[in-house]
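Here is the structure we will look at, set down as structure tokens.
Lettering follows sequence order; numbering is per chain, from 1.
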Number of protein chains: 2
Amino acid sequence: MARPDPHPAPENVSDAPLRALVGYQMKRAFNVIQADLTRTLDPFGLRMLTYSALALIVENPGLRPSQLAHALAVERANVVVYVDQLEEAGWVTRTPALGDRRAYALQCTLAGRRLYERAQKVVHAHDTRMLNGLSEDETATIRKALAQMEQQT
Amino acid sequence: MARPDPHPAPENVSDAPLRALVGYQMKRAFNVIQADLTRTLDPFGLRMLTYSALALIVENPGLRPSQLAHALAVERANVVVYVDQLEEAGWVTRTPALGDRRAYALQCTLAGRRLYERAQKVVHAHDTRMLNGLSEDETATIRKALAQMEQQT
DNA sequence: TATTGTTATACTCTATAACTATA
DNA sequence: TATAGTTATAGAGTATAACAATA
């Protein structure tokens, strides 16, 4: 007579111990947001990082790549790639910085500025959609908490 | 006579338009948390994903890889790699599932369970540290918001 | 036909190390 | 010596496509 399966597949998978971790919830939420934002920006030829880099260059003409790296909280080496892509697409220019021949001044082109303005609309709409159903107080709390987590070493 | 630099480096880089996006704040906070958790788990030979996979296997003996993929919200193909790593380290076993010769039942070993219990402590401490200074109400709000963002398509 | 586990692959994000030109 | 930009590289996360075995 056959004995019952010693390892039956669980019918209800419990992830309670993981769900208890805010860090785990953050990861899951962020993955969904990231994927959604990637789809949102794809028609513009941008990704979250190239959009962010473009935004900073539009807002801060003459920005140096090292400043951009610091503002984005990534290594300088990675910024090179983002700027390469933005430059190849004709949205950003590198011009030699006066007064320091090692450095470059980043500027957006007219096409770059216009692209940013169009993309900004959909990004903000995406962000609003993400917060759909949350009160202003709740949103403020989230902003505060995220800012604090970022500081927390 | 030299004209002034037409592209001086901005003295204060403005990232206000990006900071206005909760998605951007999420990304920054998550990067910090992720890096910190990676360092926390490194001494155990685990990463966030292998820790999560191990947790689910410990809590749900007999779990199928496809169930694990669903629970982790990743593709089945990626789960293969996590289970490979956990199996090679001797923390998890794959045994043929009775009743479906395509499937496997995942089980943790005694070493796997003990590792999980030790790692769980530091992970929970990490999570608590991350929320340091936030009230219970605020934490509850964040949990609610994150859960909702994850649902938001 | 559909599903399970798997392999192979590609793209992205991130970091580190080392190089060059310049400061 | 130190810094700015760069190149090369490696590890990790994620997704898609396609396959064999089985349902």
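- A donor-acceptor contact under 3.5 Å is not formed by the side chain of Arg101(A) with the base of dT22(C).
- We find that CZ of Arg39(A) is positioned 19 Å from P of dC11(C), with the value rounded to whole Å.
- Both Gln85(A) and Asp100(A) sit near DNA chain C, but only Gln85(A) has its closest nucleotide nearer the 5' end.
- Using a 4.5 Å cut-off between side-chain heavy atoms of Ile, Leu, Val, Met, Phe, Trp and Tyr, with links allowed through other members, Tyr104(A) and Trp91(A) fall into different hydrophobic clusters.
- Of the side-chain N and O atoms in Asn31(B), one or more sit less than 4.0 angstrom from OP1 or OP2 of dT14(C).
- For Arg47(B), a side-chain nitrogen or oxygen approaches OP1 or OP2 of dG13(D) to under 4.0 Å.
- Residue Tyr116(B) is tested with Gln120(B), Arg114(B), Arg118(B), Arg113(B) for a side chain to side chain donor-acceptor pair (under 3.5 Å); the sole match is Gln120(B).
- In this structure, of dG5(C), dT6(D), dT6(C), it is dT6(D) that holds the atom nearest to the side chain of Tyr104(A).
- Where Lys27(A) and Gln67(A) meet DNA chain D, the nucleotide closest to each residue was compared, and Gln67(A) sits on the side nearer the 5' end.
- For residues 69-77 of chain A, proximity to DNA chain C is found at Val74(A), Glu75(A), Ala77(A), defined as any non-hydrogen atom under 4.0 angstrom from a strand atom.
- Straight-line distance from the CD atom of Glu87(A) to the C1' atom of dG5(D): 13 Å, rounded to whole Å.
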Problem set entry | salt bridge (Lys or Arg N to Asp or Glu O under 4.0 Å) evaluation trace for Arg64(B) with Asp100(B) | CA-CA 11 Å; Arg64(B) 303 293 144 90; Asp100(B) 186 341; 5.8 Å; no
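- Regarding Asp84(A), its CG atom lies at a distance of 9 Å from the C1' atom of dT6(D), rounded to whole Å.
- For Asn78(B) and dT6(C), the CG to C1' distance is 12 Å, given to the nearest whole Å.
- In this structure, CG of Leu41(A) is placed 11 Å from P of dC13(C), rounded to the nearest angstrom.
- Closest to the Val80(B) side chain, of the nucleotides dT7(D), dT6(C), dG5(D), is dT6(C).
- Between dG5(C), dT14(C), dG13(D), one nucleotide has an atom nearer to the side chain of Leu49(A) than all others, and that is dT14(C).
- For Ala105(A) and Thr50(B), each mapped to the nucleotide of DNA chain D holding its nearest heavy atom, the one lying further toward the 5' end belongs to Ala105(A).
- In the set dT22(D), dA2(D), dC13(C), dT22(D) carries the atom at the smallest distance from any side-chain atom of Arg102(B).
- Hydrophobic cluster membership is shared by Val58(A) and Met48(A), with clusters built from Ile, Leu, Val, Met, Phe, Trp and Tyr side chains linked at under 4.5 angstrom.
- Two residues, Ala103(B) and Met48(A), neighbour DNA chain C, and the one matched to the more 5' nucleotide by heavy-atom proximity is Ala103(B).
- Residue Thr38(B) has no polar side-chain atom (N or O) positioned under 4.0 Å from OP1 or OP2 of dA12(D).
- Checking Gln25(B), Arg28(B), Lys27(B) one by one against Glu150(A), the side chain to side chain donor-acceptor pair (under 3.5 Å) holds for a single residue, Arg28(B).
- Residues Pro10(B) and Gln67(A) meet the side-chain proximity criterion, which asks for heavy atoms closer than 4.5 Å.
- One can place CD of Gln34(B) at 17 Å from P of dG11(D), the figure rounded to the nearest angstrom.
- Counting non-hydrogen atoms of other residues, nucleotides and ligands closer than 6.0 Å to CD of Glu117(A) gives a total above 12.
- Atom OH in Tyr82(A) sits roughly 15 Å away from atom C1' in dT6(D) (whole-Å rounding).
- Between Arg39(A) and Asp42(A) there is no salt bridge, since no side-chain N of the basic residue sits under 4.0 Å from a carboxylate O of the acidic one.
- If you take CG of Leu68(B) and P of dT14(D), they are 13 Å apart, rounded to a whole angstrom.
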